[in-house]
Amino acid sequence: MKVTIVGGGFAGVKAALELAKDPNIHITMITDRPDFQYYPSLYSSATGHSHLESWVPLGEIFGGYTNIHVHLDRIVGIDATKKILVGASEATYDYQTLLIAIGVVTTYFGIPGLDQYSYGIKSAEEIRRLKMRIYTDLAGEGKLDRNYVVIGGGPTGVELAAGLGTYLERLCRYHGIKRRNTTIRLIEAAPRVLPRSHPKASARVQRRLEKLGVEVQINTKVEEATADQIIAGGRPIQSHTVIWTSGVTNSPLFAAHPEVFTLAKNGRVEVDQYLRAHKDIYVLGDNAATPYTGLAQTALHDAKYVARNLRRKKQGQKMRPYHAVAPATVVPVGARWAVFEWKKLRFYGWVAAAIRRAADFIGYADVLPIGQAIRPWHASMIYEHDYFAPEERTK
């Protein structure tokens, strides 16, 4: 059996590892990044912790497998009739069975100026740009920005806003600069932060953010951004460090091929009871219109499910239908404090933070051998005084 996987995130990497347990299954992975990105820790890397916790080279993950081959390319076209993929490099790839798990992309909802003047933390390059912005203020003017504005009160925005104050304080101490008149704001258009969480959890998290010195503005829509300010709720906020964590949408690859994919109202791809979107094409993780889409645990669940079904199919057994599983969520809000939610169960504080710490190790161990998983997990305890990843320091 030959399986082609497009995407090197949680679902793609886990599916490859599960399928590779059968040496007679040959896996080709096509991804536009040479490393696996552990996105639950991106906020941490953006606030001064080691980059090693967020990026693991695919060579380390697949080094022990002879039946996994990786191509660095971005797929831009699909011919489902001829079973051919077209890459941005103009290379073509044949497939027999295709798994697609390419994640989502940022959307700014048409808000003028945000795409040009805001920063993000969804990739190494975005984090590098943000740190360069902070470095420019410290090195050029010897002071911080007046306002640091985080837009989006979902998990990423909450995590970032909570960690940003500690990061700025540490930078000021390191450079001998006094932090004066600097405000961290978290802006959310919905009536509460963590809109998908229980209202009690949202209220506790907002109180925790305010205790950390974050000014929380809910029911506030951002209307425009320029180089020096944003307009939010009809009022200007002076800032040239605006960080957008709010909007994502499905990869445009799917909408570009309506003859292959049918999109649900939320933009995700409609799939059948086996996560198939088309004959011999499976869509996993964030791209699929399934319950709990958008979470790492769901992507891992999808990957294990599809891999097992394909192994069953190879052995001539009947495939089993997909069942969504409600995952637990743990959102850290500053050091040694988090909120844990699973169904009707909720708790807060250091216990939830310890669960998140353990969950991160399990997350790394899902894609790395136990011995190798320790390194990125331990890296979250390491602070980097420099502003850039190692490859940037050499330039």
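A donor-acceptor contact shorter than 3.5 Å links the side chain of R356 to the backbone of V330. Side chain of S118 to main chain of I243: no donor-acceptor pair is present (N/O by atom type, distance under 3.5 Å, no hydrogens or angles). In terms of modelled atom types and a separation under 3.5 Å, the side chain of Y167 and the main chain of L160 share no donor-acceptor contact. At least one donor-acceptor pair closer than 3.5 Å links the side chain of R192 to the backbone N or O of L194. Checking side-chain atoms of R320 against main-chain N and O of R308 turns up no donor-acceptor pair under 3.5 Å. With hydrogens and angles disregarded, a donor-acceptor distance shorter than 3.5 Å links the side chain of E341 to the backbone of H198. Here the side chain of E159 pairs no donor or acceptor atom with the backbone of S44 at under 3.5 angstrom. A distance-only check finds a donor-acceptor pair linking the side chain of S202 to the backbone of V193 [under 3.5 Å]. For T298 (side chain) and T293 (main-chain N/O), no donor-acceptor pair under 3.5 Å exists by modelled atom type. Between the side chain of Q315 and the backbone N or O of Q317 there is no donor-acceptor pair closer than 3.5 Å.
For the residue pair N309 and Y282, no side-chain donor N or O sits within less than 3.5 Å of a side-chain acceptor on the partner. Under the 3.5 Å distance criterion, with hydrogens and angles disregarded, no donor-acceptor pair is assigned to the side chains of T249 and T107.
Using a 4.0 Å cut-off between charged side-chain N and carboxylate O, E215 and R185 make a salt bridge. Using a cut-off of 4.0 Å between Lys/Arg side-chain N and Asp/Glu carboxylate O, E125 and R128 are scored as salt-bridged.
A continuous path of ILVMFWY side-chain contacts below 4.5 Å connects L168 to L212, so both sit in one hydrophobic cluster. V306 and L295 are members of different hydrophobic clusters when ILVMFWY side chains are connected at heavy-atom separations under 4.5 Å. By the criterion of side-chain heavy atoms lying less than 4.5 angstrom apart, applied directly or through intervening Ile, Leu, Val, Met, Phe, Trp or Tyr residues, F340 is grouped together with W350 in one hydrophobic cluster. Under a hydrophobic-cluster definition in which Ile, Leu, Val, Met, Phe, Trp and Tyr are linked whenever side-chain heavy atoms come within less than 4.5 Å, directly or via other members, I231 and Y117 are assigned to different clusters. Linking ILVMFWY residues whenever their side-chain heavy atoms come closer than 4.5 Å, directly or via other members, places L130 and V214 in the same cluster.
Considering every non-hydrogen atom in both K122 and G247, the closest pair reads NZ-O, 4.3 Å. Minimum heavy-atom separation, A189 to K221: CB-CG, 3.9 Å. Closest heavy-atom contact between G233 and T220: N-CG2, 3.7 Å. Between L253 and G77, the closest heavy-atom pair is CD1-N, 4.1 Å. Pairing each heavy atom of F36 with each of V13, the nearest pair is CD1-CG2, 4.0 Å. When all heavy atoms of Y65 and A20 are compared, the closest pair comes out as CD2-CB, 3.5 Å.
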*Carefully, step by step, assess L17 and I61 under the rule side chain to side chain contact (heavy atoms under 4.5 Å, CB included).*
CA-CA 9 Å; L17 292 172; I61 297 173; 4.2 Å; yes
*Given side chain to side chain contact (heavy atoms under 4.5 Å, CB included), test I100 with I78 step by step and report yes or no.*
CA-CA 11 Å; I100 304 179; I78 300 176; 3.9 Å; yes
*For V248 and D286, what are the C-alpha separation, side-chain angles and deciding distance, and is it a side chain to side chain contact (heavy atoms under 4.5 Å, CB included)?*
CA-CA 10 Å; V248 293; D286 295 358; over 6 Å; no
*Would Y39 and I121 count as a side chain to side chain contact (heavy atoms under 4.5 Å, CB included) if you check the C-alpha gap in whole Å, the side-chain angles of each, and the deciding distance to 0.1 Å?*
CA-CA 9 Å; Y39 65 78; I121 63 165; over 6 Å; no
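Within a 6.0 Å sphere centred on CG of N181, heavy atoms belonging to other residues, nucleotides or ligands number 12 at most. Within 6.0 Å of the NZ atom in K83, the count of heavy atoms belonging to other residues, nucleotides or ligands exceeds 12. Atom NZ of K314 is surrounded by more than 12 heavy atoms from other residues, nucleotides or ligands within 6.0 Å. Counted within 6.0 Å of CZ on R311, heavy atoms from surrounding residues, nucleotides or ligands total more than 12; the atom is thus considered enclosed. Crowding of E259 atom CD: a count of heavy atoms from other residues, nucleotides or ligands under 6.0 Å exceeding 12. The number of heavy-atom neighbours closer than 6.0 Å to CZ of R312, taken from other residues, nucleotides and ligands shown, is above 12.
Cation-pi check for R357 over W377 is met; the charged atom lies under 6.0 angstrom from the ring centroid and within 45 degrees of its normal.
Note that CG of L368 and CZ of R375 are 8.5 Å apart. Values are rounded to the nearest 0.5 Å. Residue L99 holds its CG atom at 10.0 Å from CD1 of I27, rounded to the nearest 0.5 Å. M1 CE to K313 NZ: the interatomic distance, rounded to the nearest 0.5 Å, is 6.0 Å. Atom CE of residue M381 and atom CD of residue E53 lie 10.5 Å apart, to the nearest 0.5 angstrom. Note: Y364 OH to H378 NE2 = 12.0 Å, rounded to the nearest 0.5 Å. A distance of 12.0 Å separates CG in L19 from NE2 in H26, rounded to the nearest 0.5 Å.
With a 4.5 Å cut-off on side-chain heavy atoms, V216 and E210 count as touching. The shortest distance between side-chain heavy atoms of Q96 and D280 does not fall below 4.5 Å. Contact of the S239 side chain with the I230 side chain is not registered, since no non-hydrogen atoms from C-beta on lie closer than 4.5 Å. No side-chain heavy atom of R133 sits under 4.5 Å from any side-chain heavy atom of K131. Side-chain contact between L42 and Q37: present, with at least one pair of heavy atoms (C-beta onward) separated by less than 4.5 Å. Contact check for F10 versus D302: no side-chain heavy atoms found under the 4.5 Å cut-off. Two residues are said to be in side-chain contact when any heavy atoms from C-beta on lie closer than 4.5 Å; T28 and I5 fail this criterion. Counting heavy atoms from C-beta on, the side chains of T182 and Y148 come closer than 4.5 Å.
Under the side-chain contact (heavy atoms from CB on, under 4.5 Å) test applied with V6, the options I281, L85, T31 reduce to a single match, L85. None of S45, S380, S123 except one satisfies the side chain to side chain donor-acceptor pair (under 3.5 Å) rule with S54; the exception is S45. The side chain to side chain donor-acceptor pair (under 3.5 Å) test with H240 is passed by exactly one of D228, T136, D137: D137.
Using the six-membered ring where Trp is involved, H301 and Y322 have ring planes that are tilted, between 30° and 60° apart. Aromatic ring pairs are classed by plane angle as parallel below 30°, tilted from 30° to 60° and perpendicular above 60°; the pair W244 and F109 is perpendicular.
Aromatic rings from Y274 and Y305 are positioned such that their centres are separated by 6.0 Å or more.
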